[in-house]
Number of protein chains: 2
Amino acid sequence: MSHTLGIRQAQKQKTRQAFLDAALTLLEEQSLSSLGLREVTRAVGVAPTAFYRHFRSTADLGVALVDEALGSLHPMVRTTVATPGAERITRAVRLIADHVAAHPAHVRFIARERHGGVQPVRKAIRDQLARFAEEVKTELAKDPEAEGWNDDDLLMLAHLYVDQMLITASLFLETLENENPESPEPSETERERVARIATRQMRLISLGRQHWLD
Amino acid sequence: MSHTLGIRQAQKQKTRQAFLDAALTLLEEQSLSSLGLREVTRAVGVAPTAFYRHFRSTADLGVALVDEALGSLHPMVRTTVATPGAERITRAVRLIADHVAAHPAHVRFIARERHGGVQPVRKAIRDQLARFAEEVKTELAKDPEAEGWNDDDLLMLAHLYVDQMLITASLFLETLENENPESPEPSETERERVARIATRQMRLISLGRQHWLD
DNA sequence: TCATCCAGTTAACAACTGTTCTCTGGAATT
DNA sequence: AATTCCAGAGAACAGTTGTTAACTGGATGA
């Protein structure tokens with residue numbers, strides 16, 4: 001049952017979302033540890049003190065951004081990895097390319113703050129990535145190729161895939177940053193180059209997987 | 001021929017090194033984009049304006065730190081990758097573990113600023129990592145297993161290894177951050193766990209390499 | 001020995017930061 | 001209709017920031 005929010009709660013959530021959006025934009029050219037509270041409220045068009053009605057600190061806001069960026073991505077990754085056969089890798093690479101194109105600021109934020117200067121945010125990202133790895137692991141376990149594998153090795157392989165996905169995502173991101181308004185073609189071929197390399201790297205990992213038990 | 005520096009130049013280099021050291025310490029719990037110029041000079045024990053005698057900006061200092069952190073590492077990586085046979089992976093993992101233990105702040109800085117908020121620093125790191133990949137590639141090319149491989153595929157493989165090394169380094173770093181002064185044993189076994197996983201991941205990649213041309 | 005150089009100092013600038021306390025006006029509850 | 005609630009405003013706080021200009025005093029080179 002969806003309970004309709006009162007005018008008050010609705011307006012509050014709207015403002016909260018405005019905070020998240022403004023922060024994400026500001027974080028395109030700096031890191032969270034240098035993001036000022038007043039800077040954000042200025043961008044939203046609201047008094048500095050209003051910030052405290054929604055977040056304890058900018059670190060708190062950062063944790064909320066992690067959930068927004070990764071929270072809704074789990075089902076998509078799950079169904080992509082569930083694809084059987086050779087098409088799995090192709091679909092995974094396409095999923096990454098499309099996601100980066102659709103939400104570049106989110107991807108940049110995650111790549112940046114994964115090893116960033118704010119501990120709670122690092123932990124939030126680490127936990128989310130561990131969830132991804134667990135999910136990939138359970139999908140991989142369903143493969144016929146997973147026969148004879150123990151849980152530890154499957155999880156190791158899952159982490160390898162997840163890390164590889166993140167690296168690929170940040171490479172796609174770089175092609176966007178080199179975007180040239182005059183002629184978008186060169187960076188489009190750049191993107192195809194990244195896709196080709198990422199595909200081959202994952203294929204090589206899959207090959208290693210096939211011969212792991214030899 | 002090594003020309004002995006004058007008292008003046010020597011003192012200047014000493015102060016410059018003090019800047020780098022102080023910055024590296026401060027950067028353990030924040031990112032470069034939030035590092036203030038006055039903050040650094042305060043830590044060095046010198047007037048704020050002295051900063052400009054050595055660096056144009058904190059971004060400039062960051063680029064210098066990249067060189068310090070990665071510049072001297074090339075020969076070590078090269079000789080490690082040049083190790084033939086199965087021992088190569090063992091040595092590589094040990095090299096990483098030792099380097100992280102000896103220079104944790106440097107490793108943290110690189111991991112943090114690789115995708116950080118300061119463009120010139122990102123570029124400096126990207127260039128250094130590309131150099132590592134090129135060097136790994138030329139070493140791999142000497143292997144008998146490299147027969148029949150083209151340059152593109154070798155470079156792809158080299159990048160895979162370099163990225164994997166960085167991931168492993170940052171995992172070792174995390175075990176240091178969870179260090180408990182009361183009982184150092186648990187995080188020592190944690191380190192062995194990381195080493196075991198990293199070794200198996202690289203072994204799996206090597207397996208994929210062996211069957212690449214099938 | 002004397003003039004030049006230059007790493008580091010001192011003082012001052014306007015602009016910015018996070019956080020506190022008090023207040024307001026409309027929504028929510030009774 | 002009267003009361004409570006609470007998201008956001010406003011003002012003020014002490015402290016911080018990067019950058020400028022003009023200086024000092026010891027090393028340097030003629």
Side-chain angles (χ1 to χ4, degrees), chain A residues 1-23 25-27 29-65 113 116-121, chain B residues 1-23 25-65 116-121:
Chain A
M1 280 309 305
S2 78
H3 179 260
T4 309
L5 271 56
I7 298 180
R8 209 166 187 170
Q9 298 270 333
Q11 184 53 245
K12 182 171 184 182
Q13 286 217 355
K14 208 171 167 182
T15 308
R16 187 190 137 99
Q17 189 58 47
F19 273 122
L20 294 176
D21 294 348
T25 302
L26 292 167
L27 285 170
E29 35 201 60
Q30 64 181 311
S31 5
L32 185 63
S33 78
S34 67
L35 183 70
L37 162 170
R38 295 183 101 106
E39 200 180 351
V40 185
T41 58
R42 200 185 310 129
V44 174
V46 98
T49 46
F51 184 90
Y52 294 105
R53 299 286 176 199
H54 300 269
F55 309 100
R56 264 181 239 279
S57 61
T58 51
D60 197 16
L61 186 156
V63 172
L65 273 178
E113 300 303 330
V118 185
Q119 201 261 338
V121 172
Chain B
M1 280 309 307
S2 78
H3 180 258
T4 311
L5 270 55
I7 299 180
R8 208 170 188 164
Q9 297 269 334
Q11 184 53 246
K12 180 170 185 182
Q13 286 216 356
K14 208 172 168 182
T15 310
R16 187 190 136 100
Q17 190 59 47
F19 273 121
L20 294 175
D21 293 348
T25 302
L26 291 166
L27 285 171
E28 295 197 20
E29 35 201 59
Q30 62 182 311
S31 359
L32 185 63
S33 78
S34 68
L35 183 71
L37 163 169
R38 295 182 100 106
E39 199 181 352
V40 184
T41 58
R42 202 183 309 129
V44 174
V46 99
T49 46
F51 185 89
Y52 293 106
R53 297 286 176 203
H54 302 271
F55 309 100
R56 265 181 238 279
S57 60
T58 51
D60 197 15
L61 185 156
V63 171
L65 273 177
V118 184
Q119 201 261 337
V121 173

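Every chain is numbered from 1, with letters handed out A, B, ... down the list of sequences.
For the pair B:Q9 CD and D:dG29 C1', the interatomic distance rounds to 14 Å; values are reported in whole Å. Atom-to-atom, CZ of B:F51 to C1' of D:dT20 comes out at 16 Å; the value is rounded to the nearest Å. The interatomic distance linking B:I7 (CD1) with D:dG25 (C1') rounds to 14 Å, in whole Å. Remark: P of C:dA27 and CD of A:Q11 are 10 Å apart, rounded to the nearest angstrom. Taking atom CD of residue B:Q30 and atom C1' of nucleotide D:dT16, one finds them 14 Å apart after rounding to whole Å. Taking atom NZ of residue A:K12 and atom P of nucleotide D:dC6, one finds them 9 Å apart after rounding to whole Å. Between B:L26 atom CG and D:dT16 atom P there is a gap of 15 Å when expressed in whole angstrom units. Here D:dA7 presents its C1' atom at 7 Å from NE2 of A:H54, a figure rounded to the nearest Å.
Remark: DNA chain C forms stems of 3 or more consecutive Watson-Crick or G-U wobble pairs, all pair distances under 3.5 Å, at C:1-12 with D:19-30, C:14-17 with D:14-17, C:19-27 with D:4-12.
The distance from the CZ atom of B:R38 to the CZ atom of B:F51 is 12.5 Å, given to the nearest 0.5 Å. Interatomic distance, CZ of B:R8 versus CD of B:Q13, reported as 14.5 Å (0.5 Å rounding). Rounded to the nearest 0.5 angstrom, B:H54 NE2 and B:L20 CG are separated by 10.0 Å. To the nearest 0.5 Å, atom CG of residue B:L37 and atom CZ of residue B:R56 are 14.0 Å apart. With rounding to the nearest 0.5 Å, the separation of NZ in B:K12 from CZ in B:R53 is 8.0 Å.
Taking both residues in full, the closest heavy atoms of B:A23 and B:L61 are given as CB-CD2, 3.6 Å, listed atom of the first, atom of the second, then distance. Residues A:A59 and A:V118 come closest through the heavy atom pair CB-CG1, 3.6 Å. When all heavy atoms of B:L26 and B:A43 are compared, the pair lying nearest together is CD1-CB, 4.2 Å.
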* To do: Would you mind building the protein contact string for nucleotides 16-25 of chain C? One character per nucleotide, 5' to 3', B for base within reach (heavy atoms under 4.0 Å), S for sugar-phosphate only, - for untouched.
  => -SBBBB----
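When only modelled atom types and interatomic distance are considered, B:S34 and A:S34 share no side-chain donor-acceptor pair under 3.5 Å.
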